Amino acid sequence: MRELFKLSEKYGFKAPLASVTPDFNFTTFTRLCNSLNVSPITTAIASELFVELQNIEELTASLDHLAVKTDRKISNLRHHLSLLEKQGLVTTEFITTDPIKKRRGKLFTLTIPKGNMLAAIKDNSTPQDKRMATVPATSVEAINVEQYEHKARYMELQIVRYLVKAMRTNRKDTVAKLSVEIRDSFIEKPIKITARAEQGRLIYLPDMSYYAACVTWLITHIQEQLESDEQIGETFTLPLEPIIALSKDIDVTAASAGGYINNAIAALQRISATTFDMQNFFNQVFPSIIDIEMFYKLFRLEAIVTYKDERGQEKKAAVLQFPRSTILNLVAAIKSQNSLQELLLFSTDVFATNNEIEILFGLWARSHLFTGKQADKIYTWNALREHVAPSSTLNEFKRKFSSLIIANADPTYIAKIHESIKDRITETIGTIHLSGNRKGERIVEYGRATIQGYLINIGYSEEHGSPVLAFRRDMSGLTLKHQIGYNL
């Protein structure tokens, strides 16, 4: 058992400890993490430890010290180090930092496995079925990859339009898998999207404000690279404070607060940990490709780096790897001088609300306004939910959409309440009539509001025998009843 009394005397470090060797190559280490399917969170924590250990001459520190520096719990660090040990990326030994009682403790050392160790790790995987027929390389090469590239880039243009529908809309929801079907007029089969979390919770819809901020930052950065003829890769180091300022619409100085930093890191981790499986995205059959099941990530969080700026103040940055299609799209849009916000159908202002349904409706409305669809339409509550927010429950959707109607109510509206509905009205707020007994959970029965370029009228339809929501564009000054024939 090694005696590391000097660490205790010099720094006050007590076991357990973590360390790296002087010749440790972190780039090789992260590549091995990717190859061995180590989760992005575990890799990020290893990165944080590596950075902090560089500040110690002996490249060794106590987990207690590292927990303080990385703003994590000791148990959390031990957990992820143990996960790395199972993959052969950490070695452990018993040591002591106690010169009196010589209590035994543990030393975790980040390591790069030798060739034989890697072989042993790989041998643990399930062998392939020998009966599986081999596929000639010529068959695979004959696949027209451009078809995939075209679809991948097209999907990038519609990224928010589809993927946001498979994100959590309830902050308290702890679901780790979410599946939705999205119907669109240009496809025969519904698009199937399944969102899966590698660990922890799925991406939460407001997390997308950070994604929008990252892309906004990338636009400026790539423009500068194009002007200076620099080679544009897929991995970028983004300073967190500007990203937070963009996503939350606050001053950069305010973005340095610990709460903002921690929330941003947690959001980036959720985005990175979520994979979207997409099926039936192709709308036609090719000779060699019937369909492609796509496994898509918005980006992969490789590391959180803590550094000192020119003033000596401690700052954090995120190392993010974006899909190739994202970067190609941004480069193409910048070169063609397209309007990027219209091209990508989102901007950070869409997320400037605590109402998740408002976010989804804003994205849905922008998509339809941009594509020229949705001129006149009538929906039931559930039909609108399926189009706008299929991952939400009907009760959640009605409640949060009702809040949106109340906040944007038309003060000149006069409801003509149907006899069958009168007894259901329990509250009137301005010109809006609601049902329900619990405050904060009441639903609009009659009301009118203008939101995202649409005049929305809610009321009872005798033809449907239920409440409906009617949409029209640019209808100011005209009554909806005269235009669509419903007594709302």
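For clarity, every value in this text was computed on a predicted model and none was experimentally measured.
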| field | R300 with E302: basic N within carboxylate O range, under 4.0 Å | value | yes

| Heavy-atom distance under 4.5 Å between the side chains of I451 and L404, does that happen here? | yes

| task | Look at the side chain of S272 and the backbone N and O of L268, then say whether any donor-acceptor pair between them is shorter than 3.5 Å. | result | no

| Interatomic distance, S466 atom OG to W381 atom CH2 [nearest 0.5 angstrom] | 11.5 Å

| Roughly how far, to the nearest 0.5 Å, is CH2 of W217 from CZ of F236? | 7.5 Å

| field | Within 6.0 angstrom of N437 CG, more than 12 heavy atoms from elsewhere | value | no

| request: Please step through side-chain contact (heavy atoms from CB on, under 4.5 Å) for the pair I191 and M278, ending with a clear verdict. | output: CA-CA 7 Å; I191 297 172; M278 297 186 69; 4.1 Å; yes

| task | Check whether the ring centres of W364 and F471 lie less than 6.0 Å apart, and answer yes or no. | result | yes

| field | T42 side chain to V38 backbone, donor-acceptor under 3.5 Å | value | no

| said: Would M208 and L298 count as a side-chain contact (heavy atoms from CB on, under 4.5 Å) here? Give the steps. | reply: CA-CA 10 Å; M208 287 296 288; L298 293 170; 3.5 Å; yes

| query | Closest approach of I405 and A449, non-hydrogen atoms and distance? | reply | O-CB, 3.8 Å

| said: I'd like to check T169 versus L360 (side-chain heavy atoms, cut-off strictly below 4.5 Å). Are they in contact? | reply: yes

| Does F322 have its ring centroid less than 6.0 Å away from the ring centroid of F299? | yes

| query | Say you draw a straight line from CG of L246 to OH of Y210; how long is it, rounded to the nearest 0.5 Å? | reply | 11.5 Å

| remark: Nearest heavy-atom contact between Y446 and K416 is CE2-O, 3.4 Å

| said: Angle between ring planes, H418 versus Y460, binned at 30° and 60°: parallel, tilted or perpendicular? | reply: tilted

| query | Any donor and acceptor pair, going by atom type alone, linking the side chain of T216 with main-chain N or O of A212 inside 3.5 Å? | reply | yes

| request: Please tell me if the side chains of I265 and I261 come closer than 4.5 Å, counting only heavy atoms from C-beta onward. | output: yes

| query | Are any of the side-chain nitrogens in E198 or K297 under 4.0 Å away from the carboxylate oxygens of its partner? | reply | yes

| side-chain contact (heavy atoms from CB on, under 4.5 Å) between I304 and I45: does it pass, once the steps are laid out? | CA-CA 8 Å; I304 297 293; I45 289 176; over 6 Å; no

| task | Report yes if the side chains of R448 and L455 come closer than 4.5 Å at any heavy-atom pair, otherwise no. | result | yes

| query | Are any of the side-chain heavy atoms of L240 and Y260 separated by less than 4.5 Å? | reply | no

| Checking S391 side chain against M167 main chain: does a donor-acceptor pair fall under 3.5 Å? | yes

| Going by atom types alone, do N395 and T393 pair a side-chain donor with an acceptor below 3.5 Å? | no

| said: Does N354, at its CG atom, have more than 12 non-hydrogen atoms belonging to other residues, nucleotides or ligands within less than 6.0 Å? | reply: no

| query | Do V468 and Y379 come within less than 4.5 Å of each other through their side chains, counting heavy atoms only? | reply | no

| task | In plain terms, say whether E48 and R72 are close enough for a salt bridge, that is, a side-chain N and a carboxylate O under 4.0 Å apart. | result | yes

| Does the pair E356 and Y204 meet the rule for a side chain to side chain donor-acceptor pair (under 3.5 Å), with working shown? | CA-CA 9 Å; E356 297 87 353; Y204 174 49; 2.3 Å; yes

| message | Testing the basics here: between A389 and I357, what is the closest heavy-atom pair and its distance to 0.1 Å? | response | CB-CD1, 3.8 Å

| For atom NZ of K315, is the number of surrounding heavy atoms from other residues, nucleotides or ligands below 6.0 Å larger than 12? | yes

| Positive for side-chain contact (heavy atoms from CB on, under 4.5 Å) with E445, one of I432, I425, L434 | I425

| task | Report yes if the side chains of L226 and Q223 come closer than 4.5 Å at any heavy-atom pair, otherwise no. | result | no

| Test of ring centre spacing under 6.0 Å for F276 and F295 | no

| Will you find, in the side chains of D410 and T412, an N or O donor that is under 3.5 Å from an N or O acceptor? | yes

| query | Below 4.0 angstrom, N of the basic side chain to O of the carboxylate: do D173 and R168 qualify? | reply | no

| request: Using the salt bridge (Lys or Arg N to Asp or Glu O under 4.0 Å) rule, pick out the option among R399, K400, K398 that qualifies with E396. | output: K400

| message | Once rounded to the nearest 0.5 Å, what's the spacing between atom OG1 of T450 and atom CG of N457? | response | 10.0 Å

| Is there a side-chain contact between V319 and L301 (heavy atoms, below 4.5 Å)? | no

| field | Residue pair Y454, K377: steps toward the side-chain contact (heavy atoms from CB on, under 4.5 Å) verdict | value | CA-CA 11 Å; Y454 286 108; K377 194 77 174 181; over 6 Å; no

| query | How long is the span from the CG atom in N408 to the CD atom in E358, to the nearest 0.5 Å? | reply | 7.0 Å

| query | Okay, side chain of T274, backbone of I203: is any donor-acceptor separation there less than 3.5 Å? | reply | yes

| Shortest non-hydrogen contact from L320 to C214? | CD1-SG, 3.8 Å

| query | Where the side chain of T426 meets the backbone of G436, is there a donor-acceptor pair that is under 3.5 Å apart? | reply | yes

| said: Can you give me the closest heavy-atom contact between L163 and Y296, atom names plus distance? | reply: CD1-CD2, 3.8 Å

| Which heavy atom in S247 sits nearest to a heavy atom in S209, and how many Å separate them? | CB-O, 3.3 Å

| Which value, rounded to the nearest 0.5 Å, describes the distance between Q313 atom CD and S256 atom OG? | 8.0 Å

